[in-house]
Amino acid sequence: MDETTKKKKKTAECCGYPISIFFIVVNEFCERFSYYGMRAVLVLYFRYFLLWDDDLATSIYHAFVALCYLTPILGAIIADSWLGKFKTIIYLSIVYAIGQVTMAISTIHDITDANRDGTPDNFTFHIALSMLGLILIALGTGGIKPCVAAFGGDQFQEHQSRQLNTFFSVFYLCINAGSLLSTLITPVLRAQECGIHTQQQCYPLAFGVPAVLMVISLVVFIAGSGMYVKTDPEGNIMWSVCKCIGFAIKNRFRHRSSSYPKREHWMDWANEKYDKLLIAQIKMVLKVLFLYIPLPMFWTLFDQKGSRWTLQATTMSGDFGAFILQPDQMQTVNPILILTLVPIMDRLIFPLIQKCGLNFSPLKRMTVGMLFAAMAFVSAALVQIEIDKTLPNFPSSSESQLKVVNTYSTTLNVTISPNEHLLIESFGSSADYVTFDHQDITVSLNTNPVITKAFSLIKGGRQTLIIPSDPTVMYLKEDVKSKPREGKNAIRFVNGYTADLNITNLDSIEPSATTNYTLVNQGKRDFVLRHGEQWCEFSRKFGFGASYTFLIPSTVFSDDCESITEVEDMKPNSVHMALQIPQYFLITTGEVMFSVTGLQFSYSQAPKNMKSVLQAGWLCTNAVGNIIVLIVAELGKLPKQWAEYLLFASLLVAVSIIFSIMAYFYTYIDPAEIEAQVRKEQGLEPEEMEKETIEMEEKDEDQKNEQGVKQTKI
Ligand SMILES: CC(C)[C@H](NC(=O)[C@H](C)N)C(=O)O
């Protein structure tokens with residue numbers, strides 16, 4: 001073992017803090033920039049580069065996030081049992097950086113774009129490469145995660161316990177600073193155009209910059225190498241723990257008869273074969289792991305910020321006057337609030353509570369954090385109720401909806417069998433959609449002669465009946481039946497001009513035809529309409545989430561596009577995104593109380609040789625939370641979104657009550673003190689004992705004693 005043990009090394013200090021901490025927090029900042037930057041554009045890469053549908057893209061995304069929080073177990077085992085935290089961080093960071101580079105390469109469309117049409121020709125290659133990249137990233141980011149926090153904690157000496165608590169807060173601030181910057185920057189990089197043969201959205205840059213940051217993170221970590229306190233790995237500790245637990249269970253079962261005296265704890269049934277210190281350490285870890293059982297529910301709610309809440313934002317208006325916020329940018333409110341709330345809580349709120357004589361213990365903080373998260377979901381439900389009031393009345397799966405657009409030269413009386421009568425002006429439309437509970441309809445127009453035509457409507461769909469300048473060829477066009485994605489606007493044009501027209505960014509349209517929908521962003525958009533030498537410019541300012549059909553009359557060039565009329569198929573979003581701020585505030589307050597505290601708690605309650613294991617256990621609660629999101633998404637939702645939010649809030653309240661009861665019975669411990677006490681009981685000096693434990697773990701105990709009964713030193 002070549003690593004220096006903690007107690008032998010005195011670290012260089014600055015303002016009471018070990019200097020090595022600087023390298024660790026900078027490393028964490030760069031790593032989180034790398035992780036969150038890549039995550040910010042990942043779903044879009046799946047959706048628009050690999051051309052997966054929404055469901056597949058979101059499922060793979062959540063599965064990846066869950067994997068990132070499952071791999072900490074592996075990292076912790078490697079660190080605590082084999083390589084030590086320092087080497088584990090270095091080796092797994094290399095794996096991580098290779099993963100990020102692989103991912104960036106997989107996004108270069110030119111690699112397989114032999115026909116130079118701007119899309120890859122061999123999707124299998126890009127999918128395989130990106131999946132390999134993601135697996136390496138999950139292995140790297142998850143593997144180092146429990147080690148970095150615990151390694152940071154290891155840098156502090158016993159007299160620096162106050163600084164140790166501050167370290168975990170600063171560590172959390174770095175996570176969020178990295179997350180904030182990358183979530184702002186990488187979407188901008190993605191929106192650039194780049195390429196060798198054709199210019200496409202610049203995914204290689206959006207994934208390449210996080211890859212560079214990961215390399216920087218590794219370099220910074222190595223740079224601090226000479227200053228770190230590096231604790232020894234203590235042999236295959238996980239294996240010893242599993243064997244010890246297995247033996248205790250087996251031994252308890254063997255002695256199940258009531259004639260055997262009861263023991264204080266079921267782990268004491270391992271006394272015959274295993275060292276008291278190991279048993280005491282396992283008891284400490286199991287106590288904390290038991291407490292973790294209800295925690296995934298917090299993350300189930302917390303991680304819906306990126307999915308359900310972002311979808312909610314797409315049905316809201318992001319016009320803040322001075323700036324426009326896109327729905328996915330709303331997520332940055334979380335790290336911004338973290339950066340403000342952590343110092344406020346640490347410096348003001350927690351000391352104030354303490355001054356008031358209240359004992360706001362870590363587990364109490366975590367319970368309150370859960371309640372805050374539940375309140376956030378109640379707030380989200382209230383916002384959803386407001387949004388629902390403004391949403392169009394979409395058809396149910398058995399209904400069909402129809403609107404009529406008239407581009408004929410005169411007003412028309414339209415009769416839709418059996419008893420729907422509509423009067424529609426020239427270049428106008430019916431006021432709203434008419435809902436039918438049957439599909440087959442007959443439409444009659446009061447032209448001379450009367451024109452009658454039969455149509456079959458789409459079940460569960462929305463359509464528009466377009467009556468062109470020659471009404472005998474009237475036809476149905478399918479409409480959008482949900483809010484356009486990402487808060488964009490869906491627009492289309494009906495050509496009432498007598499010849500083909502070219503419109504900017506759209507294919508040419510024949511007379512009387514209707515274009516398919518095009519999605520346009522919020523803000524002022526200009527379209528140039530062209531036929532031969534003639535052209536005119538049409539400008540329109542768009543809000544969020546609307547849908548329009550623009551009717552182009554035959555006079556379009558003579559009045560400079562002025563006569564183009566618009567039919568509003570779907571109203572723009574009217575509930576403002578600012579209404580989401582309370583729910584973000586509540587969930588972030590909950591996060592500070594729950595997550596920052598949980599991180600400190602997991603470190604402080606773990607025995608020295610199992611610190612990474614408990615960090616990994618803590619991170620696993622996050623993985624399980626994400627898996628619950630996946631299951632709930634797959635099982636389908638309640639019919640009303642606000643009801644689903646309330647259901648999640650109620651579940652978390654119930655879970656927090658259970659957690660508070662469990663917490664009530666938990667007694668805080670000082671692992672070092674317990675370990676010292678056990679050593680004393682064993683009559684061993686600390687140094688001697690440490691050597692003894694390592695030796696013991698190195699022996700293969702199974703081979704030694706078939707009967708499973710070995711006399712310990714006690
Ligand atoms: C998953 C953790 C809670 C943590 N995330 C955050 O702090 C977010 C950005 N507020 C992390 O370690 O990434």
Side-chain angles (χ1 to χ4, degrees), residues 33-68 95-141 182-183 185-215 306-307 310 326-328 484-486 488 490 504-508 515-521 630:
F33 185 111
S34 178
Y35 174 73
Y36 282 108
M38 179 271 310
R39 238 178 80 162
V41 286
L42 192 59
V43 175
L44 297 181
Y45 166 75
F46 289 157
R47 186 70 189 80
Y48 305 114
F49 187 98
L50 297 182
L51 304 179
W52 289 349
D53 64 25
D54 276 354
D55 286 345
L56 183 62
T58 3
S59 298
I60 300 289
Y61 171 81
H62 276 292
F64 166 70
V65 176
L67 188 65
C68 289
V95 172
Y96 189 171
I98 295 173
Q100 288 283 32
V101 172
T102 311
M103 190 67 208
I105 294 173
S106 82
T107 65
I108 304 175
H109 67 273
D110 289 299
I111 297 178
T112 65
D113 188 13
N115 61 7
R116 301 188 179 187
D117 67 349
T119 51
D121 298 342
N122 184 351
F123 277 98
T124 317
F125 169 83
H126 292 276
I127 292 172
L129 208 60
S130 55
M131 290 306 112
L132 174 69
L134 288 180
I135 290 171
L136 294 179
I137 292 170
L139 207 64
T141 184
S182 65
T183 319
I185 293 171
T186 45
V188 176
L189 298 177
R190 196 240 337 140
Q192 309 304 308
E193 297 215 322
C194 63
I196 303 166
H197 305 309
T198 55
Q199 297 290 302
Q200 297 298 325
Q201 295 233 327
C202 206
Y203 286 105
L205 191 61
F207 285 98
V209 170
V212 172
L213 260 289
M214 193 50 222
V215 175
S307 46
T310 304
Q326 296 303 326
D328 46 352
R485 65 178 165 84
E486 295 165 29
K488 293 184 190 231
T504 340
N505 294 333
L506 296 170
D507 291 337
S508 110
T515 62
N516 289 327
Y517 281 109
T518 300
L519 291 181
V520 294
N521 280 327
L630 258 180

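Position 1 is the first residue of the sequence; numbering continues from there.
Atoms CD and SG, on Q201 and C194 in that order, are 9.5 Å from each other to the nearest 0.5 Å. In this structure, CG on L129 lies 12.0 Å from OG1 on T124, to the nearest 0.5 angstrom. In this structure, the separation between CG on D110 and CD on Q199 is 8.5 Å, given to the nearest 0.5 Å. Atoms CD1 and CG, from I137 and L67 in turn, are 11.0 Å apart once rounded to the nearest 0.5 Å. Note that the CG atom of D117 and the CD atom of Q200 stand 8.5 Å from one another [nearest 0.5 Å]. Distance CZ/R39 to SG/C68: 7.5 Å, rounded to 0.5 Å.
Using a 4.5 Å heavy-atom threshold, the side chains of F46 and L51 count as separate. Side-chain contact between V101 and M214: absent, with no pair of heavy atoms (C-beta onward) separated by less than 4.5 Å. Side-chain atoms of F64 and M38, non-hydrogen and from C-beta on, do get closer than 4.5 Å to each other. Contact annotation: the side chain of V520 never approaches that of K488 to less than 4.5 Å [non-hydrogen atoms, C-beta and beyond]. Put simply, the side chain of R190 reaches to within 4.5 Å of the side chain of L44, judged on heavy atoms. At a threshold of 4.5 Å between non-hydrogen side-chain atoms, the residues F33 and V209 count as touching.
Put simply, the side chain of T102 never gets that close to the backbone of G133: no donor and acceptor are under 3.5 Å apart. Within the 3.5 Å criterion, the main-chain N or O of R116 finds no donor-acceptor partner in the side chain of H197. Side chain of D113 to backbone of D121: no donor-acceptor contact under 3.5 angstrom is found. Looking at S130, its side chain does come within 3.5 Å of a backbone N or O of I127 through a donor-acceptor pair. A donor-acceptor distance shorter than 3.5 angstrom exists from the side chain of T107 to the backbone of A104, with no hydrogens or angles considered.
Heavy-atom minimum distance, T112 versus P120: OG1-CB, 3.3 Å. Nearest heavy-atom pair across M103 and L42 is CE-CD1, 3.8 Å. Closest approach of L136 to G99, counting heavy atoms only: CB-CA, 3.6 Å. Nearest heavy atom pair, residue A206 against residue V41, reads CB-CG2, 4.1 Å. Contact record, F125 with I111: CE2-CG2, 3.7 Å, taken as the closest heavy-atom pair. The two residues V65 and Y35 come nearest to each other via the heavy atoms CG1-OH, 4.2 Å.
For the salt bridge (charged side-chain N to carboxylate O under 4.0 Å, His left out) test, residues two or more places apart in sequence or in another chain that qualify with R47 are D54. Checked against ring pair (Phe, Tyr, Trp, His ring centres under 6.0 Å), Y45 has the following partners two or more places apart in sequence or in another chain: F49, Y203, F207.
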Exercise for the section: May I have the step-by-step check of side-chain contact (heavy atoms from CB on, under 4.5 Å) for S34 and Q100, ending in yes or no? Expected result: CA-CA 8 Å; S34 178; Q100 288 283 32; 2.7 Å; yes
Practice task
Please test L189 against C202 for side-chain contact (heavy atoms from CB on, under 4.5 Å), starting from the C-alpha separation and ending with a verdict.
Solution key: CA-CA 7 Å; L189 298 177; C202 206; over 6 Å; no
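Test I135, T141, L139 against V95 for side chain to side chain contact (heavy atoms under 4.5 Å, CB included) and you get one pass: L139.
With 3.5 Å as the limit, one finds a donor-acceptor pair spanning the side chains of H109 and T198.
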